[in-house]
Amino acid sequence: MAKLKIYTFPDVVLAQAAEPVQRVEKSMHGLADDMLETMYDAPGIGLAANQVGILQRILVMDTEFEEEEDEEGMGIIRNKKPVIIINPEIILLEGKTAIEEGCLSVPEYTSEVPRAEKVKLRYQDIDGLERTLMAEGLQAVCIQHEMDHLDGKLFIDRLGPMKKEMAKKRLLRERAIREAAGLSPKKGHKGF
Ligand code: ZN
């Protein structure tokens, strides 16, 4: 297993649409494991392949894990419930919700975004089997957020024009400052 690089705004791979996976091959287990390791390490509750520079319709998520600290203050993840989703297709959207969203590719920025409250999804699992999933609340929002990534869209693209402009300016400025100082984005909020 290996931790992958997480691309951040305005890296172009985040603005490109991912391609459907033609055949779920055995080799995909490695990529999915790497994506999960990268997500848990961030820590995040969801990660789409675009975010690690791969334009294939794959996403991973776990909206239920708990994070604790050991005696040395190192983070440990408990009660993992990883889900691997390939070629997702929304077959039903219901209701309205908005929660504070963060994104591992949009560091140190959060905002509420209008989303559907419930989502029904058709997808393939890591063995290539057809499955459906009914999600609501945080998991439903996470799925919509990750599927936006697969379409080359970020959650800040769903903000009003003024707010979006301001967010993008701030993100560019902060990234320039971080890069000049050789720093990585701060860890801390569970983005997706
Ligand atoms: Zn994201």
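For ligands, and for the atoms within them, numbers begin at 1 and follow the listed sequence. Nothing here was measured: the structure is a model prediction, and the numbers come from that model.
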Participant: Is the ring pair Tyr40/Phe65 parallel, tilted or perpendicular, if the boundaries are 30 and 60 degrees?
Facilitator: perpendicular
Participant: Using 2.8 Å as the cut-off, note every protein N, O or S atom close to the Zn ion (ligand 1).
Facilitator: Cys103 SG, His145 NE2, His149 NE2, Phe192 O
Participant: By the definition side chain to side chain contact (heavy atoms under 4.5 Å, CB included), identify the one residue from Arg122, Lys118, Lys120 that meets it with Leu92.
Facilitator: Lys120
Participant: I'd like to know if Lys3 and Glu37 make a salt bridge, using a cut-off of under 4.0 Å between side-chain N and carboxylate O.
Facilitator: no
Participant: Can you give each donor-acceptor pair under 3.5 Å made by side-chain atoms of residues 15-23, sequence neighbours left out, with the distance rounded to 0.1 Å?
Facilitator:
none

Participant: Consider side chain to side chain contact (heavy atoms under 4.5 Å, CB included). Of Arg57, Gln56, Met28, which one does Ile86 pass it with?
Facilitator: Met28
Participant: Roughly how far, to the nearest 0.5 Å, is CD of Glu130 from CD of Gln124?
Facilitator: 5.5 Å
